[in-house]
Structures are given as structure tokens and as C-alpha cells.
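Bear in mind the structure is a predicted one, so any value in this text is a computation, not a measurement.
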Amino acid sequence: MSPVIDQAVRAGLITSDAQVQDMTAVLSYRRDDPLAIRICFPPRASLAGSDVAWVFGRDLLAAGLDGPAGEGDVHVRPFGDDLTVLEFHATVGTAMVRMETADLRRFLQRSYLLVPAGSEGSHWDVDGELAALLRQA
């Protein structure tokens with residue numbers, strides 16, 4: 001099995017006038033960064049006109065599928081029976097994106113096949129991460 005999972009999902013950017021701009025986003029999960037989920041949006045989702053990427057916890061996404069979750073820059077919550085809303089808070093404003101809950105659950109299932117919940121520590125290269133941080137200092 002590949003150490004990386006990439007899954008395209010349909011996303012709807014909720015605009016300030018409550019319209020929904022449909023687009024495709026890409027969810028990514030890497031075995032060597034087992035606690036994190038990455039999501040990338042196309043340039044049209046950005047005020048700057050460039051790709052937008054966010055990184056947040058896999059546990060946050062899982063918790064947000066069943067109830068409101070998140071205290072920092074990323075919040076996740078159910079929206080009805082079939083949709084989940086992700087809120088991304090930045091200094092320039094907040095973006096709200098809705099996605100099909102089934103797509104997010106499928107992505108999480110694939111990530112759990114790669115790295116089962118609770119075993120993330122055995123897949124994380126702590127020594128390598130520490131060495132990289134020290135090289136940057």
C-alpha cells in the first residue's frame with residue numbers, strides 16, 4: 001500500500017452572500033506524518049488567486065463528523081445528515097466549505113487502513129523530525 005493517500009472530493013465554498021461555489025479539493029494523508037490531514041483547494045478558492053492548503057489533525061476531522069469540533073484555526077461540524085462544514089480561520093477572514101460526509105468518512109477509513117488509530121506514534125519519525133528542526137535553527 002502506498003505511504004500516501006490522495007483523494008479528490010467535491011467541495012462547496014460558501015460565499016458571504018450564502019451562495020455555494022462548487023470546486024474540487026484534494027485530501028491527503030501521509031504515513032510519515034500520521035497525525036495530520038492536508039487539504040488543498042484550487043486558486044479560485046483564494047483571495048490571492050493561488051492554491052490554498054491547510055493542515056489539521058486527523059482526530060479533529062473524525063470528531064467533527066459527529067459533532068462540533070475545533071478550537072483553533074480549523075473547525076469541523078456536521079451540517080444536516082449528509083454534509084460536513086469545515087471552517088478555516090485566517091487573519092484575512094474565514095472560509096466555510098461544505099463536503100459530503102460520506103466522502104470524508106471514506107477518506108478517514110483509508111487513512112486508518114494505512115495507520116490504525118492509536119498507532120500513530122509507531123509511524124512517526126521523531127528523531128528525523130527533531131533533526132530537521134535543529135537544522136532549521
Side-chain angles (χ1 to χ4, degrees):
M1 179 178 281
S2 171
V4 177
I5 296 169
D6 288 322
Q7 180 176 317
V9 293
R10 289 184 310 190
L13 177 65
I14 302 168
T15 65
S16 58
D17 60 353
Q19 299 297 310
V20 178
Q21 254 184 42
D22 290 327
M23 64 186 64
T24 300
V26 177
L27 291 163
S28 298
Y29 182 79
R30 297 172 44 145
R31 182 183 301 156
D32 64 353
D33 193 5
L35 299 173
I37 298 278
R38 287 170 179 72
I39 187 164
C40 294
F41 296 99
R44 67 188 182 109
S46 164
L47 294 174
S50 58
D51 288 343
V52 178
W54 285 83
V55 179
F56 55 97
R58 178 169 75 164
D59 288 347
L60 172 61
L61 180 59
L65 297 181
D66 297 318
E71 296 178 6
D73 293 341
V74 180
H75 298 230
V76 182
R77 62 183 164 77
F79 186 73
D81 293 333
D82 300 324
L83 297 173
T84 298
V85 171
L86 289 82
E87 294 180 21
F88 301 98
H89 299 264
T91 55
V92 296
T94 299
M96 294 177 59
V97 179
R98 69 181 192 189
M99 296 181 184
E100 292 186 24
T101 303
D103 289 342
L104 297 174
R105 286 193 193 282
R106 193 172 311 112
F107 174 77
L108 279 173
Q109 269 311 111
R110 292 178 65 205
S111 79
Y112 293 138
L113 290 174
L114 191 61
V115 178
S119 73
E120 293 89 353
S122 65
H123 295 274
W124 194 23
D125 180 11
V126 175
D127 293 333
E129 293 294 323
L130 182 58
L133 284 173
L134 292 174
R135 279 193 301 273
Q136 292 175 6

- prompt: Will you find, in the side chains of Y29 and R58, an N or O donor that is under 3.5 Å from an N or O acceptor?
  reply: yes
query: Roughly how far apart are M99 CE and F107 CZ, rounded to 0.5 Å?
result: 10.0 Å
message: Between D66 and R105, does any NZ, NE, NH1 or NH2 come within less than 4.0 Å of an OD or OE carboxylate oxygen?
response: yes
- prompt: Under 6.0 Å from the CG atom of D17, do we count more than 12 heavy atoms belonging to anything else shown?
  reply: yes
query: Does the pair I14 and V97 meet the rule for a side chain to side chain contact (heavy atoms under 4.5 Å, CB included), with working shown?
result: CA-CA 6 Å; I14 302 168; V97 179; over 6 Å; no
task: State, to 0.1 Å, how close V76 and L65 come at their nearest heavy-atom pair, and which atoms those are.
output: CG1-N, 4.5 Å
Heavy-atom donor-acceptor pair, T101 side chain to L83 backbone, under 3.5 Å: yes
- prompt: Out of curiosity, does V85 fall in the hydrophobic cluster containing V9 (side-chain heavy atoms, cut-off under 4.5 Å, transitive links)?
  reply: no
query: Please walk me through it: do L27 and L104 pass side chain to side chain contact (heavy atoms under 4.5 Å, CB included)?
result: CA-CA 9 Å; L27 291 163; L104 297 174; 3.7 Å; yes
message: Is it the case that the side chains of R106 and Q7 hold a donor-acceptor pair, with the cut-off being a distance below 3.5 Å and no angle test?
response: no
message: Could you check whether R30 pairs with D33 (Lys NZ or Arg NE/NH1/NH2 to Asp/Glu carboxylate O, under 4.0 Å)?
response: no
task: Please report the closest heavy-atom contact between P68 and R77, naming both atoms and the distance.
output: CA-CB, 3.9 Å
field: Mutual orientation of the aromatic rings belonging to W54 and F88 [parallel < 30°, tilted 30-60°, perpendicular > 60°]
entry: tilted
